[in-house]
Amino acid sequence: MGDNELGLFLRSRREAVTPADAGLPTGPRRRTPGLRRAELATLAGVSVEYVTRLEQGRDRRPSASVLSALADALRLTPGERIHLHRLTKGAEGGFSCNGGTAPGRTVRPTVRALLDRLEPAPAVLLNRLSEALAWTDGYERLARPIGLLDGCDGGPPNLTHFVFADSRARTAFPDWDRVADDQVAALKQGPFRADRHIAALADQLTITAGAAFTERVRTLPGLPRPSGVLRLVHPEEGELRLAYETLELPADDEQLLVVHLPADEAASAALDRLTGRRSGALRAVSG
């Protein structure tokens, strides 16, 4: 983990909540985005000095009641509350949920069967190191031409490595900055540098990608977007808009299933052409 992940997370969430969201009056002169520290302190029932200590990393073990009050004041989602709890537990050190084990690369038969049932949708199974372990034919036709499945240093294809270390990624992803943000946030969502395998990948990308990677590590909290719309440029079909959903497998697997669906009719038609199926095999996701 970074030096002050808890403080970074609290500050980013505080700056994301407007006074109006919190039921506070909005003054004409506000130089601070979101809530001021004093406003958060008032809402949470703690002192401004304590909020300052938390954000500056001088106190990293707030009590459960303070965490709950801060979470309520910041209007955290359930996922954000879980992340907040992980950050406070991670500050204690001495225990890792994965126990130092290597990222799992074994795909259970039922998970492979699930991928088969998802055809022709592009879907990929990732481990905690963002390695692609298995994927549908639909994903193969989508990702192989852009280079994403070429493999990484003799190992499985690695999505984060591709985004930061392969020059083709900036062409493949028109919203590269957003994709890069999510890749770093995903690495930081877990134990990050407390996990020696993730730390090794981070060290490699620190050298390979430089500030594009390290600045994100320094400034981004570990909260990747689990769903949304991805813009991808395919060599044959041009730019596609794909809605994606991220599904977590059981904790013992430590794997994620990412499923892509067309976000509009143009993407639906393009995916149908790539799969050689009749029009409408993959229907566009309606708003």
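Note that the structure is predicted; figures quoted are calculated from it, not measured.
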Novice: Check whether V66 and L40 end up in the same hydrophobic cluster, where Ile, Leu, Val, Met, Phe, Trp and Tyr are linked by side-chain heavy atoms less than 4.5 Å apart.
Specialist: yes
Novice: Quick one: side-chain contact (heavy atoms from CB on, under 4.5 Å) partners of E245, sequence neighbours excluded?
Specialist: S227
Novice: Who pairs with D137 by side chain to side chain donor-acceptor pair (under 3.5 Å), at least two apart in sequence or on another chain?
Specialist: none
Novice: Are L256 and V179 linked, directly or through intermediate hydrophobic residues, by side-chain heavy-atom contacts shorter than 4.5 Å (ILVMFWY only)?
Specialist: no
Novice: Using modelled atom types and a 3.5 Å cut-off, is there a donor and acceptor pairing between side-chain atoms of E39 and backbone atoms of R36?
Specialist: yes
Novice: Check whether any side-chain heavy atom of R141 sits under 4.5 Å from a side-chain heavy atom of H234, and report yes or no.
Specialist: no
Novice: Side chains of L43 and L24: closer than 4.5 Å at any heavy-atom pair?
Specialist: yes
Novice: Indicate yes or no: at least one non-hydrogen side-chain atom of D72 is less than 4.5 angstrom from one of R81.
Specialist: yes
Novice: Checking the side chain of H83 only, and the main-chain atoms of P78 only, is there a donor and an acceptor separated by less than 3.5 Å?
Specialist: no
Novice: Do the non-hydrogen side-chain atoms of L126 and T246 ever get within less than 4.5 Å of each other?
Specialist: no
Novice: Working to the nearest 0.5 Å, report the span between CD of E236 and CD1 of I146.
Specialist: 12.5 Å
Novice: For T42 and A38, indicate whether the former's side chain and the latter's backbone hold a donor-acceptor pair under 3.5 Å.
Specialist: yes
Novice: How about P156 and R105: do any of their side-chain heavy atoms sit closer than 4.5 Å?
Specialist: yes
Novice: Does any N or O in the side chain of E119 come within less than 3.5 Å of the main-chain N or O of G138, such that one atom is a donor and the other an acceptor?
Specialist: yes
Novice: Kindly write out the residues that satisfy salt bridge (Lys or Arg N to Asp or Glu O under 4.0 Å) with R58, not counting sequence neighbours, or none if the list is empty.
Specialist: none
Novice: Closer than 3.5 angstrom, by distance alone: can the side chain of S268 be matched with the main-chain N or O of D264 as a donor-acceptor pair?
Specialist: no
Novice: Does T106 offer a backbone N or O that forms a donor-acceptor pair with the side chain of Q255 under 3.5 Å?
Specialist: yes
Novice: Check the hydrophobic clustering (I, L, V, M, F, W, Y; side-chain heavy atoms under 4.5 Å; chains of links allowed) and say if L10 and L87 are grouped together.
Specialist: yes
Novice: Excluding sequence neighbours, so at least two apart, what forms salt bridge (Lys or Arg N to Asp or Glu O under 4.0 Å) with R170?
Specialist: none
Novice: Kindly compute the distance separating NE2 (H161) from CG (L159), expressed to the nearest 0.5 Å.
Specialist: 11.5 Å
Novice: Kindly say whether D177 contributes a backbone atom to a donor-acceptor pair with the side chain of D175 at under 3.5 angstrom?
Specialist: no
Novice: For Y244 and V229, which heavy atoms make the closest approach, and how far apart are they?
Specialist: CE2-N, 3.8 Å
Novice: What's the spacing between L76 CG and S68 OG if we round to 0.5 Å?
Specialist: 10.0 Å
Novice: Heavy-atom count around E248 CD within 6.0 Å, excluding the residue itself: above 12?
Specialist: no
Novice: What do the steps show when you test R168 against D150 for salt bridge (charged side-chain N to carboxylate O under 4.0 Å, His left out), and what is the final call?
Specialist: CA-CA 12 Å; R168 295 173 292 183; D150 285 355; 2.8 Å; yes
Novice: Given the rule that I, L, V, M, F, W and Y join up when any side-chain heavy atoms are under 4.5 Å apart, are V258 and L249 in one cluster?
Specialist: no
Novice: Taking all atoms of both residues into account, what is the closest heavy-atom pair of F164 and F213, and its distance?
Specialist: CE2-CA, 3.9 Å
Novice: Look only at the side chain of N158 and the backbone of T160, and say whether a donor-acceptor pair between them is shorter than 3.5 Å.
Specialist: yes
Novice: Test Y139 against R144 for side chain to side chain contact (heavy atoms under 4.5 Å, CB included), laying out the working first.
Specialist: CA-CA 8 Å; Y139 190 81; R144 179 72 67 183; over 6 Å; no
Novice: Applying side chain to side chain contact (heavy atoms under 4.5 Å, CB included), run through R60 and T88 and close with a yes or a no.
Specialist: CA-CA 6 Å; R60 306 190 184 196; T88 58; over 6 Å; no
Novice: If you look only at pairs with a residue in residues 14-26, which of them pass as a salt bridge (charged side-chain N to carboxylate O under 4.0 Å, His left out), with sequence neighbours excluded?
Specialist: R14-E55
Novice: What distance do R216 atom CZ and L205 atom CG have between them, rounded to the nearest 0.5 Å?
Specialist: 12.0 Å
Novice: Might you work through the side chain to side chain contact (heavy atoms under 4.5 Å, CB included) test for L70 and L54, ending with a clear yes or no?
Specialist: CA-CA 11 Å; L70 289 169; L54 288 173; 3.7 Å; yes
Novice: Let me confirm one number: the CG-CZ distance from L201 to R128, rounded to the nearest 0.5 Å.
Specialist: 11.5 Å
Novice: Give a yes or no on whether the backbone of L115 and the side-chain of W135 come within a donor-acceptor separation of less than 3.5 Å.
Specialist: no
Novice: Taking all atoms of both residues into account, what is the closest heavy-atom pair of V107 and L133, and its distance?
Specialist: CG2-CB, 3.9 Å
Novice: Identify the residue among D272, L240, L271 that makes a side-chain contact (heavy atoms from CB on, under 4.5 Å) with P262.
Specialist: L271
Novice: What closest approach, in Å, do V285 and A243 show between heavy atoms, and which atom pair accounts for it?
Specialist: CG2-CB, 4.2 Å
Novice: Consider only side-chain heavy atoms of I, L, V, M, F, W and Y, link residues closer than 4.5 Å, and tell whether L118 and V111 are in one cluster.
Specialist: yes
Novice: Answer whether the closest heavy-atom distance between the side chains of I198 and R193 falls below 4.5 Å.
Specialist: no
Novice: Shortest non-hydrogen contact from A180 to V163?
Specialist: CA-CG1, 4.0 Å
Novice: What is the minimum heavy-atom distance between H197 and A102, and which atoms define it?
Specialist: NE2-CA, 3.4 Å
Novice: When you check the gap from the basic side-chain N to the acidic O, do R196 and D203 get nearer than 4.0 Å?
Specialist: no
Novice: Once rounded to the nearest 0.5 Å, what's the spacing between atom CG of L6 and atom CZ of R86?
Specialist: 14.5 Å
Novice: Can you check whether L220's main-chain N or O pairs, donor with acceptor, with K188's side chain at less than 3.5 Å?
Specialist: yes
Novice: Just to verify, what does T136 make a side chain to side chain donor-acceptor pair (under 3.5 Å) with, not counting sequence neighbours?
Specialist: none
Novice: Is there side-chain contact between T18 and L35, with at least one heavy-atom pair below 4.5 Å?
Specialist: no
Novice: Contact between E140 and P145 at the side-chain level, heavy atoms closer than 4.5 Å - yes or no?
Specialist: no
Novice: Between L232 and L242, does a side chain to side chain contact (heavy atoms under 4.5 Å, CB included) hold up when you go through it step by step?
Specialist: CA-CA 8 Å; L232 178 71; L242 303 170; 4.2 Å; yes
